[in-house]
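Please see the structure below; I have some questions.
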Amino acid sequence: MSIISMAELPILQFEDKIVETVDKNPVVVVIGETGSGKSTQLSQILHRRGYTKSGCIAVTQPRRVAAVTVSRRVSEELNVQLGDEVGYAIRFEDRTSEKTIIKYLTDGVLLRESLSNPELSQYSVIILDEAHERSLNTDVLLGLMKRLIKLRASNLKVLVTSATLDGEKVSRFFSDCPILNVPGKLFPVEIHHSSERPKSYIDACMNKALDIHTQEPEGDVLIFMTGQDDIEKLVSRLEERIQRLEEGSCMDAVIYPLHGSLPPELQIRVFSPPPPNCRRFIVSTNIAETSLTVDGVVYVIDPGFVKQRQYNPSTGMYSLDVVQISKVQANQRAGRAGRTRPGKCYRLYSSVAYKDDFLDATIPEIQRSSLAGSILYLKSLDLSDINILKFDFLDPPSFEALEDALKQLYLIDAIDDEGSITSLGRTMAELPLEPSLSRTLLEANECGCLSQALTVAAMLSAETTLLISQSKSADKKRKHNPSNLPDGSGLGDHIQFLQIFELWHQTDYNTGWCKENNLQVRGMKFVKDVRKQLCQIIQKIAKGPMDVKTSKRRREDQDYRSLRKALCSGYGNQLAERMLRHNGYKTLGFKSQLVQVHPSSVLRTDEEGLFPNYVIYHELIATTRPYMRNVCAVEMPWVRPVFAKLQNLNVSKLSGGANQSHEEVQPENSDVQKDDVVNAAPAQPAEDVDSKILAARERYLARRGQANK
DNA sequence: GAGCACTGC
C-alpha cells in the first residue's frame with residue numbers, strides 16, 4: 001500500500017536528522033503532531049538504521065487498541081506476518097515471538113516486564129509514545145527511564161513523544177535533551193472564540209449547532225459534553241429543534257450520542273458513513289478527544305469542560321468534578337475538525353480565557369490518584385540507592401499523597417513499620433490488582449476461600465463496566481431490578497458480585513444470560529479473563545496447583561465468613577464503624593470521615609432497621625454526599641488487629657525520615673495526646689519553639705478543621 | 001434514595 005502514502009508522511013523528510021540526533025543523545029523528545037506518522041515510522045526508521053541489531057525496539061501506547069492497530073500497520077508496511085518481526089503485547093494477549101524486533105505494548109505491560117527484568121535488557125530502544133497523555137503508568141515509566149539511561153548509558157536509547165506545549169518540560173526533566181519537531185498533516189482549522197462564557201453551555205451548544213446546520217456547508221459536527229446526562233439532554237433538544245426547521249431549508253440530520261457506557265452496537269454507529277445529503281451531529285464525552293476518531297468531522301464545538309476523577313489523599317475520598325480543560329486538550333479537540341479537510345472549531349470561551357485561565361497541560365493522573373499501587377510497585381523494584389519518596393517524577397505527587405500511600409500499605413502488611421517492603425508485599429506487587437485486593441487474595445488463600453476471593457477481585461476490577469447503562473427514564477436500579485440477580489444474602493456488594501459470577505458460571509458463561517440480567521457481555525467476559533490471569537499468576541507464585549475452581553461454597557460457610565474475614569485484612573485501610581442508633585458510619589483511620597452506605601448497595605439492615613456495626617468499603621466517593629461504594633459486613637473480632645496497627649501507626653517512620661518535621665501522625669483516637677504534644681511547644685523556652693513544630697501544628701489544625709466540617 | 005469521564009496491569 002503504502003509506498004506512496006508513506007512517502008507523504010512528513011516524518012520521513014526528517015529521517016537523517018532524527019537518526020543523527022538519536023545517535024548522539026541517550027534521550028530525545030519528539031514533538032509529533034497528529035498525522036506526522038510518528039507512531040508507525042519512528043520504529044521503522046531506527047530499525048532501518050541498525051538499531052535492532054543489538055536488541056528490540058519497544059513502543060509503548062497508552063491504549064490497547066492503539067498497540068494492536070499500529071503494530072498491524074507496521075507489519076503490513078514491512079510486509080511481515082504480525083507476530084513475527086513486528087508484534088504487540090497487551091494484557092491477555094501476547095503476539096510476539098523469538099523473531100520480534102519491533103514490539104508495540106501498552107505502558108502497563110512494559111511496567112510488568114520491568115518487574116522481572118529491571119534493566120529491560122532485551123530492548124535497545126524504548127519509545128514512549130503519546131507521553132503527553134500522562135497516564136499514571138507513563139509517569140512511572142518516565143522516572144524509570146531517567147534511571148535506566150544512566151545504568152545502560154552505552155546501549156539504550158529513549159525517545160519520548162509529546163505535545164507542543166509540554167515538550168520543553170520533558171526535555172528539562174531529561175537534562176535538557178534535544179527536542180525534534182515533526183510537523184503533522186492536519187488541515188488548517190479556523191478557531192472561533194466566544195466573547196464570554198455562556199450561561200448554559202447546553203443551550204449554547206444547541207444554538208451553535210443549529211447555526212452551523214443552517215448556515216455552513218456540509219460536514220459533520222462533533223460536540224464535546226461532560227457526561228451522559230448532558231449528552232442525552234442535548235440530543236433530545238437538538239432533535240426537537242431540527243425537526244421544527246422548515247422542510248427543504250437545509251439538509252437532513254442525524255444525531256448520535258457517544259460515550260463509554262453506550263453498548264458497543266450503538267458506539268459503532270458513528271463509524272459508518274452517513275446517508276447522502278445528511279449531516280451527522282455527534283454529541284460525545286471526552287472519548288472522542290483521543291480514544292475514538294470519527295471520520296468526516298469538519299466542525300467542532302468545544303465548551304471547554306471535562307469531567308475528571310480526583311483523589312483527595314487527606315480524606316481518602318474520590319470525587320468526580322467538572323473542570324476546565326487544558327490548552328493541550330483544547331488543541332487536541334480543535335484538531336478533530338481537520339482530519340479530512342479544512343475545518344472550524346467553535347470555542348465557547350474567550351481567547352483571553354484560553355490564554356490566561358487554561359493550564360498548559362492537564363494535571364497528570366499521578367497527582368489525582370491514590371498511589372498505593374504505584375508505590376508498592378516501585379518498592380518491589382528495590383531501587384536501593386534512593387528513598388522512594390524522593391523518586392524523580394516529572395511532576396512529583398504531593399508529600400501528603402505519598403504518606404497516604406505508605407499508610408495504606410502499612411495497614412495491609414505490605415510494608416513494615418520502617419517502610420521496607422515485606423515478603424507479603426512483594427507477592428502483592430506481582431498481582432495486577434489494587435493492593436487491597438491482592439492482600440485479600442493472599443489472606444483468602446490462608447483461610448481456604450481463594451476461589452471466591454479470585455472471583456470478587458476480578459468482578460471489582462470490572463465493576464463499572466458491568467451494568468448496561470440506560471437512559472434516565474428507564475429503570476436501572478440494581479436492587480429493584482425485576483431480574484433474578486442474587487442479593488448478596490444481605491451481607492453486601494462483594495458477596496453479590498461473587499454470587500452473580502457463580503450463577504453465570506453455572507450457565508456455562510452464556511451470553512444470553514448476561515443480557516437477560518442486564519449485564520454487559522463485554523464486562524463479564526473481561527471478568528472471566530481477569531480471573532483466569534489471576535489464577536495463573538497465583539499458581540506461579542505458589543509453584544503448584546491451587547484450589548481456584550469456581551464452585552459452590554462449602555456448607556459450613558453459609559455466611560461467607562472466611563471470605564469476609566479475608567476482605568477485612570485486605571481492606572485494613574477501608575473500614576468503617578456505624579455510629580450509635582443511626583445508619584451513618586465513621587471511617588476508621590487517623591482521620592475520620594462521616595460517610596453513608598451508597599443507596600445502590602445491597603447491604604441489608606436488621607429487624608431494627610440498622611446496618612451492621614462494621615463494614616469494609618471499596619471506595620469513598622463524594623457526590624451529593626460522601627458515600628461508601630461497594631460495602632461488605634464484617635465483624636468486630638476481625639477488625640481488632642487493624643485497630644492495633646492503627647495505634648502503632650507512625651507515618652514519619654514509614655517514610656524513612658523523609659518527613660523532616662517533628663510532627664508525628666497519630667491514630668485518630670489519640671487526639672488528646674496529640675494536642676498535648678503540640679500545645680506544649682509554645683510554653684517551652686523560645687529557642688526550642690521550632691518553626692517546624694508550629695508549621696506542623698498549623699497543618700494539624702487545618703486537618704482537624706476539615707474533619708469536623 | 002442515587003445519578004459516574006476515560007484508560008490500564
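Protein chains get the first letters and strands the later ones, always in sequence-line order, with residue 1 at the start of each.
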Candidate nucleotides B/dA2, B/dG8, B/dG3, ranked by approach to the side chain of A/T623 - the nearest = B/dG3
Assign A/V306 to base, sugar-phosphate, or nothing according to its heavy-atom contacts below 4.0 angstrom with the strands shown.
-> nothing
A/Q267 CD to B/dC6 P, in whole Å, measures 8 Å
How close or far is atom P of B/dC9 from atom CG of A/L460, stated in whole angstroms?
-> 18 Å
Verify the distance criterion only: is there a donor paired with an acceptor across the side chains of A/N630 and A/E619 at less than 3.5 Å?
-> no
Nearest-angstrom distance from the residue atom CG of A/L292 to P of B/dC6 | 9 Å
Distance-only side-chain donor-acceptor flag, A/N583 / A/T605, under 3.5 Å | no
Testing B/dC4, B/dA2, B/dC9 for proximity to the side chain of A/L320, the answer is B/dC4
Atom CD of A/E289 to atom C1' of B/dT7: distance rounded to whole Å?
-> 13 Å
Give a yes-or-no answer on whether the side chains of A/H494 and A/Y571 include a donor-acceptor pair shorter than 3.5 Å.
-> yes
Does A/N286 or A/L431 map to a spot on DNA chain B nearer the 5' end, using the closest nucleotide for each?
-> A/N286
Whole-Å distance between B/dC9 C1' and A/L136 CG?
-> 11 Å
Closest nucleotide of DNA chain B for A/T624 versus for A/Q533: which of these residues is on the 5' side?
-> A/T624
Nucleotide B/dG3, atom P - distance to CG of A/D230 in whole Å = 15 Å
Does a side-chain N or O from A/T285 land closer than 4.0 Å to OP1 or OP2 of B/dC6, or not?
-> yes
Counting any heavy atom closer than 4.0 Å, what does A/T106 reach on the DNA or RNA strands: base, sugar-phosphate only, or nothing?
-> sugar-phosphate
Would you indicate what A/I90 reaches in the nucleic acid, counting non-hydrogen atoms under 4.0 angstrom: base, sugar-phosphate, or nothing?
-> sugar-phosphate
With a non-hydrogen cut-off below 4.0 angstrom, is A/I287 in contact with a base, only sugar-phosphate, or nothing?
-> sugar-phosphate
Tell me: CG of A/D529 to P of B/dG8, nearest whole Å?
-> 14 Å
Return the nearest nucleotide to the side chain of A/R63; candidates are B/dA5, B/dG3, B/dG8.
-> B/dG8
Using a cut-off of less than 4.0 Å, is there contact between a side-chain N or O of A/R64 and OP1 or OP2 of B/dC9?
-> yes
Taking atom types as modelled, find out whether A/T362 and A/Q329 have a side-chain donor-acceptor pair closer than 3.5 angstrom.
-> yes
Quickly work out the A/L258 CG to B/dA5 P distance and round it to whole Å.
-> 13 Å
Parallel, tilted or perpendicular: rings of A/F526 and A/F92 (30°, 60°) = perpendicular
Is the shortest side-chain N/O distance from A/S461 to OP1 or OP2 of B/dC9 below 4.0 Å?
-> no
Which nucleotide in the set B/dC9, B/dG1, B/dC4 lies at the smallest distance from any side-chain heavy atom of A/R91?
-> B/dC9
Please determine if a side-chain N or O atom of A/Y377 lies less than 4.0 Å away from the OP1 or OP2 oxygen of B/dC9.
-> no
Tell me what A/R134 touches on the nucleic acid: a base, only sugar-phosphate, or nothing, going by heavy atoms under 4.0 Å.
-> nothing
Side chains of A/D404 and A/Y311: do they bring a donor and an acceptor to under 3.5 Å?
-> yes
Give a yes/no answer on whether the side chain of A/H598 brings an N or O atom under 4.0 Å of OP1 or OP2 in B/dG3.
-> yes
